[in-house]
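Have a look at the structure below before the remarks.
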Amino acid sequence: MFRYSVAAILSMLLIAFPAAAETRIGVVDLRQALFSSSDARAFSETLQKDFAGEEAKVRKAQEAARKLKERLEKDGAMMNESERQQMAAEFQEKVKEFNFLKQRLDSTVANRKQQFLEEARPEVDAAVKELLEENNLDMILPSEAVVYVKPEMNLTEELLEKLDR
């Protein structure tokens, strides 16, 4: 019985092995290709321009909190208790302001990036499909899912070229 089981398993492996050997797989780093594209660079520049004022407010609040902290550490021992408490409260307010502004900015930027990714998705999908057909591949995997790939099977540069067209 054991011999028949081993023979059946070996015959199935021999049948499946040639089919697996013929599978052609490509790999792309979608994130690198997308964020290196000309559209992404233009988006990044626009994002920096749009949020320059907000970033300045965040930096200003951070700097004010830092100065208050330094002053409190330096001069706190010489202040009376009420002055020290007032300055500590002022410092806490600046920290809260900084955290609020930073969180709001980060959230808004993340939303804009997500919107960009959603808008770019059809173009990326079309470019990946072109790569699949042009290179006669059976499948394209994201580089994050691959441990090692031969350089000739990494199609990231080709994908970037297609996205920049």
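Everything numeric in this text was worked out from a predicted model, so none of it was measured.
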Can you give the donor-acceptor pairs under 3.5 Å from side chains of residues 137-152 to other protein atoms, not counting sequence neighbours?
{"residue": "D138", "atom": "OD2", "partner": "R24", "partner atom": "N", "Å": "2.8"}

Find out whether L117 and L34 are in side-chain contact, i.e. whether some heavy atom of one side chain is under 4.5 Å from a heavy atom of the other.
yes
Between S44 and A40, is there a donor-acceptor pair closer than 3.5 Å when you use the side chain of the first and the backbone of the second?
no
So NZ of K57 and NZ of K102: to nearest 0.5 Å the spacing works out to 15.5 Å
What closest approach, in Å, do M153 and I25 show between heavy atoms, and which atom pair accounts for it?
CE-O, 2.6 Å
Is Q86 atom CD crowded by more than 12 heavy atoms from other residues, nucleotides or ligands, each under 6.0 Å away?
no
Under a 4.0 Å threshold between the charged nitrogen and the carboxylate oxygen, would E63 count as salt-bridged to K60?
no
M78: which other cluster members, linking ILVMFWY side chains closer than 4.5 Å, directly or transitively?
none
Rounded to the nearest 0.5 Å, what's the gap from CG on L163 to CD on E158? Could you check?
12.0 Å
So do V27 and L155 actually touch side chain to side chain, heavy atoms under 4.5 Å?
no
Salt-bridge present (D125, R121; N to O < 4.0 Å):
yes
If you define the side chain from C-beta out and look only at heavy atoms, does anything of D29 sit under 4.5 Å from R31?
yes
Whether F116 and F43 hold their rings parallel, tilted or perpendicular, with breakpoints at 30° and 60°:
parallel
Remaining members of the apolar cluster that contains M79, side-chain heavy atoms under 4.5 Å
L68, L72, M87, F91, V95
Taking the side chain as every heavy atom from C-beta outward, state whether V109 and N111 have any atom pair closer than 4.5 Å.
no
Same apolar cluster (I L V M F W Y, side chains within < 4.5 Å links), V124/V28
yes
Residue pair E97, Q92: steps toward the side-chain contact (heavy atoms from CB on, under 4.5 Å) verdict
CA-CA 9 Å; E97 179 185 353; Q92 289 299 322; over 6 Å; no
Just checking, is any N or O donor in the side chain of S37 or D164 under 3.5 Å from an acceptor N or O on the other one?
no
Distance from N154 atom CG to L159 atom CG, nearest 0.5 Å?
10.0 Å
Is atom CZ of R41 surrounded by more than 12 heavy atoms (other residues, nucleotides or ligands) closer than 6.0 Å?
yes
With a 4.5 Å limit on heavy-atom distance, are the side chains of L47 and F51 in contact?
yes
Rounded to the nearest 0.5 Å, how far apart are CG of L160 and CZ of R165?
11.5 Å
Decide yes or no on side-chain contact (heavy atoms from CB on, under 4.5 Å) for E118 and Q114, but give the supporting numbers first.
CA-CA 6 Å; E118 288 172 8; Q114 185 62 37; 3.3 Å; yes
Pair R84 + E81, salt bridge at N-O below 4.0 Å
yes
Measuring only between side-chain heavy atoms, which start at C-beta, is E90 closer than 4.5 Å to K94?
no
For a quick test of reading the model, state the closest non-hydrogen atom pair linking T46 to R112 and the distance between them.
CG2-NH2, 4.2 Å
Could you check whether R104 pairs with E54 (Lys NZ or Arg NE/NH1/NH2 to Asp/Glu carboxylate O, under 4.0 Å)?
yes
May I ask you to say whether K129 pairs ionically with E134, meaning some side-chain N is under 4.0 Å from a carboxylate O?
no
Is it the case that atom CZ in R71 sees more than 12 heavy atoms from other parts of the structure closer than 6.0 Å?
no
